[in-house]
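Report on one structure; see the data block that follows.
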Amino acid sequence: MLGGFYAAMMLGFSVIWGVMGVINLAHGELIMVGGYLTWVLNTTYGVDPFVSLLIVMPVMFVVGYLLQLVLINRVVNRPILSSLLVTFGLSIAIANIAKLIFSADPRLTQTTLGGAWSVGNLTLPVTKTVILGVALLIMTSLYLFLQKTRTGKSIRAAAQNKQAARIVGIDINRIYAITFGICIAITGAAGSMISPTQAVFPFMGAPLTLRAFTITALAGLGSIPGALMGGVVLGVVESMIGVYVPGIGTNLAIIASFVLLVVILITRPQGLFGGLRPHEEPAQI
Amino acid sequence: MRKLSRKLAILPALMLAVAACGGAATQTTQAATTTTAASAAATAAPTATTEAPPQFAGTIRIGAAVSDTGKYAREGQDTRHGYDVWLDWVNNEYGGIKVGNDRYKVEIVYYDDEGDPDTAANLVERLITEDEVDFLLGPYSSGLTMSTSAIAEKYGMVMVEGNGASESIFSRGFKNIFAVLTPAGNYTESALKALADKGAKSVVIAYEDTAFPTSVAEGAKKWAEQYGLEVMAYESYPKDVADVSNVITTFKNLNPDVFVGGGHFNDALLFVRGAKEQGWFPKAMVITVGPSNPTFVTEVGADANFIIGPTQWERTMAYSDEWFGTAEDYAQRYENMWGDAPSYQAAESSATALALQLAIQAAGSLDMDAVRQALYDLDVVTFYGPINFDDTGKNAGKPMGSIQIQDGVINVVAPSASAIADLIYPAAGWDQR
Amino acid sequence: MSPTARSARRILLVVLLVLLAVMPLIPDLLPDQGWVNNSRLFSFTQMFMLITLASNWNLTGGFAGYVDFGHAVFFGIGAYGTGILMNSGWTFWPAMVLGAVFAMMFALLIGYPTLRLKGPYFAIAMLGTFVAVREVVRVWKPLTGGGVGLTLPPYLNRPLFYWVTLALAILVVSLMWWIRRSEFGSTLIAIREDEVGAEMRGVNTTVNKIFAFAIAAFSTGIVGGLWAYQNTFIDPDVVFLPSRTIELVMMSMLGGLGTVAGPVLGAATIYWMRDVVWASFADYHLLVEGVLLILIVIYTPQGIMGKLGDRRATSLQEVWKRGKTADEPGEVVAEEVVP
């Protein structure tokens with residue numbers, strides 16, 4: 001059940017890493033920003049969290065575009081650790097700005113969707129089903145965008161071989177900014193979608209970023225089907241252990257997911273499903 | 001090599017410089033706030049009992065390292081506000097602490113511990129060795145109380161605290177730590193007793209696996225068994241959990257009467273939302289952190305109704321004393337000074353400082369041993385509840401209250417002595433709230 | 001620099017170290033000075049610990065180029081090893097050493113598979129290891145006390161901790177200085193610059209990497225044990241702080257990766273920044289810290305030592321060249337210019 005959400009949550013993270021080689025440690029904080037935007041819309045104008053996606057996504061796109069131009073662009077050509085530290089600095093800064101503006105109190109949005117429907121002996125909460133649906137929709141659109149449109153193809157070209165892409169006349173900076181914008185828009189959307197089920201607060205970001213790491217490692221960089229599968233695998237593993245081990249199940253699930261991460265990194269560093277930067281078969285996609 | 005040694009040579013110099021600057025750290029005395037607060041209080045609540053400008057025989061300096069920033073910033077602020085309400089009252093209204101026939105002015109030296117145990121320990125040491133304070137008041141949170149109480153013990157200096165409830169603080173054999181609040185193990189006692197009286201038969205317990213929630217859960221298990229409730233499950237979950245649906249699925253299948261759970265405010269929201277989503281409504285939900293906070297009702301809305309939670313103190317409780325008056329009087333005073341309603345963290349902080357004051361007055365001197373003994377001997381009822389420390393420094397006299405949210409209002413339902421409403425059991429389903 | 005100037009500086013260094021060493025005696029010798037007291041000794045102790053930790057991190061991260069995002073796991077194992085042994089009746093010193101041995105053994109165990117990973121994959125694998133170990137500690141209640149943690153007998157002899165951490169910091173920095181000039185150190189640098197090339201010249205890179213990793217883990221484990229004893233209680237949250245690792249990275253970077261003095265300077269500067277910046281900005285201090293981090297990375301990639309003109313100082317650029325070329329076949333490294 002959580003798989004779909006996990007996948008949507010980390011897609012932006014994964015694609016940024018895959019295309020630009022930037023590990024965005026501010027990922028969880030950007031989810032939080034999306035969550036707060038939704039909360040403001042929800043409490044002041046009564047906009048339903050799912051409707052607010054229409055506003056949150058464009059706003060977050062602009063935020064991402066500007067972040068890339070102003071900040072990330074300065075380190076994108078430097079080694080990955082530079083961008084790691086810059087985005088870490090960014091994450092601290094965003095979390096504390098959020099604390100100054102919204103205080104540390106957790107916020108929750110209200111959605112008109114509620115209740116649950118039952119299929120056999122399975123209970124499906126409506127909210128989570130809608131989240132899954134929207135997540136799938138976003139993922140499919142992104143997949144089609146990358147596969148079919150001219151910009152999408154340029155993005156993939158830039159991921160594969162920056163030099164060559166530049167030679168054939170692709171404006172790398174623009175492509176990067178667009179990529180970052182789209183990914184942040186998706187990340188913000190994830191924030192909107194969790195806001196009805198989980199409280200939004202300034203320091204919620206770090207665990208989400210770690211989770212995105214895990215799924216990306218499972219899935220392979222920038223691979224959309226991989227992201228979906230990785231999310232589902234993680235979701236299933238966690239809930240199986242969580243439900244069937246009494247007493248400490250939920251804790252064991254966390255351990256399992258990180259052990260899984262380390263084992264997969266060691267045995268298949270390109271991820272379970274390859275991705276935008278396959279190590280062994282560079283010519284594909 | 002040459003260059004390296006040159007660079008190495010400047011290091012110690014730099015380190016000394018660093019430490020020298022470091023000396024100028026975070027101290028803020030309360031002077032500024034006190035003046036404004038005092039004038040506010042003077043206009044808002046003029047009092048006839050104040051003597052003409054009191055002649056103070058001296059100043060008692062009390063040290064407190066409390067979070068102003070960091071993860072406990074919010075609760076730390078409540079703690080400071082609570083101390084300051086007492087400070088303002090004791091200096092400007094009560095006329096200073098009575099020691100024998102003399103009156104002493106009080107000054108609180110504050111530091112910001114940033115929610116970090118290293119920093120907190122260092123600052124308390126700084127309070128003792130550099131600022132040479134006479135007594136200590138506690139920080140916010142069990143973890144910080146753990147690390148600072150060890151420092152206080154080392155110097156044999158009394159520390160009275162009101163915001164560290166974890167049982168392990170009191171099991172270390174320390175002689176200088178006193179806590180006015182009810183310890184974590186007793187948090188759910190009155191609620192479980194009331195529920196058992198209403199006919200509940202079984203309970204499931206979920207807790208975050210950090211110090212304080214674990215103590216609460218262990219206590220809940222103990223009390224449930226004592227009141228004849230069957231404990232059907234006892235589940236831990238990790239800190240910063242994003243999803244508790246696994247726990248809820250497990251519990252739903254067991255179909256118990258009562259759910260006891262929680263650790264953080266955020267978890268409280270997760271459990272309520274999760275249970276509703278999965279269509280699970282236990283006959284009573286006892287959530288250990290959250291329900292007594294008015295924000296809980298605003299964030300959760302109608303779903304908050306019927307939820308039960310423990311509370312250290314509510315303004316509606318029927319306690320009163322000769323210093324602050326009734327609990328409601330205290331709440332009024334707090335509102336006049338700070339503009340918002342007091343949380344129980346604020347009230348217990350004021351009570352903490354009051355307990356120290358009463359012990360000093362009972363001892364009739366500033367001698368540490370006499371004050372410590374007076375704290376052990378202390379047996380009073382305050383606006384916050386009874387205070388009576390046992391050998392470990394826990395407040396043995398005070399029962400934990402329980403509240404239930406009824407029509408969006410936080411009502412005290414147990415224990416019967418301080419209850420203002422009847423506990424509603426079983427709760428209505430989610431769709432009828 | 002003339003030989004006289006050099007020896008003068010050496011004398012200065014020795015004098016300052018001696019001054020640091022006798023500092024805890026000042027309160028007894030000069031009762032009225034009022035500046036040296038237990039609280040100040042405690043601050044210095046914390047700084048010495050940070051210097052030691054940053055130097056350890058720099059051994060694998062700066063010298064060998066294996067940037068470790070989970071180094072605090074060794075701190076945690078050292079602390080818990082010490083705590084568990086002391087709770088079962090051991091005295092502190094042997095418990096601390098054995099705790100550090102546990103940390104080293106864990107480094108050998110985890111280092112063998114993870115050190116084969118390149119660049120960011122190693123960093124993330126270590127981060128995963130860190131979180132997994134923290135969760136195991138939470139769950140393994142009979143041994144670790146779970147989320148409640150363990151209490152240690154309070155023994156708060158500040159001068160003692162001061163001397164021990166000072167000695168440890170001097171020892172570790174000297175060790176780094178010695179390693180830097182030894183063949184072992186050259187091998188580590190060779191691994192950083194060109195691991196495949198080093199292998200082809202017959203260097204057993206695996207053994208060298210793991211050896212460096214284990215040394216760093218042992219020494220970090222010692223600091224963990226000292227910290228646990230000094231703090232008098234441990235629980236998973238205070239011991240396994242993710243920010244602890246990140247700070248070490250910041251300190252080493254700020255000082256200059258791959259230098260001996262860099263982590264020392266970096267640790268001292270950041271500790272000082274903490275005290276002053278936090279004091280002056282109360283509500284904003286973390287915000288300020290985040291912004292400072294961004295500025296440091298963008299404007300001084302070679303750290304303080306690089307600014308001071310030490311050729312040995314290296315930028316991240318250099319450290320990650322190897323990982324990058326392996327990662328991106330199409331990347332031309334020379335094209336990138338570091339300001």
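If you're wondering where the values come from, they're calculated on a predicted model, not measured in any experiment. Note on naming: letters A, B, ... go to the chains in the order of the sequence lines (proteins, then strands), and numbering restarts at 1 for each one.
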Contacts of Tyr187(B) meeting side-chain hydrogen bond (donor to acceptor under 3.5 Å, both in side chains) (sequence neighbours excluded), chain-then-number -> Gln312(B)
Could you list the residues that satisfy side-chain hydrogen bond (donor to acceptor under 3.5 Å, both in side chains) with Asn157(C), not counting sequence neighbours? Tyr155(C)
Between the OG atom in Ser39(C) and the CD atom in Glu125(B), the distance rounded to the nearest 0.5 Å is 6.5 Å
With a 4.5 angstrom heavy-atom cut-off, which part of Phe212(B) approaches chain C: side chain, backbone, both or neither? neither
Heavy-atom distance under 4.5 Å to chain B: side chain of Leu152(C), backbone, both or neither? backbone
Might you work through the side chain to side chain contact (heavy atoms under 4.5 Å, CB included) test for Lys154(B) and Asn38(C), ending with a clear yes or no? CA-CA 12 Å; Lys154(B) 171 188 165 192; Asn38(C) 279 336; 3.9 Å; yes
Measuring heavy-atom distances to chain C, does Ile128(B) have an atom under 4.5 Å in its side chain, in its backbone, in both, or in neither? neither
Applying a strict 4.5 Å limit to non-hydrogen atoms, the region of Asp237(C) in contact with chain B is side chain
Do Phe233(C) and Ser168(B) have side-chain heavy atoms sitting under 4.5 Å apart? no
What is the distance from atom CG of Asn122(B) to atom CD of Gln46(C), rounded to the nearest 0.5 Å? 5.5 Å
Answer yes or no: is there a side-chain heavy-atom contact under 4.5 Å between Met146(B) and Asn231(C)? no
What residues of residues 131-139 of chain C make heavy-atom contacts with chain B at a cutoff under 4.5 angstrom? Glu135(C), Arg138(C)
For Thr232(C), side-chain hydrogen bond (donor to acceptor under 3.5 Å, both in side chains) partners two or more places apart: Arg172(B)
Working to the nearest 0.5 angstrom, can you tell me the gap between Ser166(B) OG and Asp235(C) CG? 9.0 Å
Please report the interatomic distance CZ(Arg40(C)) to CZ(Arg126(B)), rounded to the nearest 0.5 Å. 6.0 Å
d(Phe42(C) CZ, Thr129(B) OG1) to nearest 0.5 Å is 11.5 Å
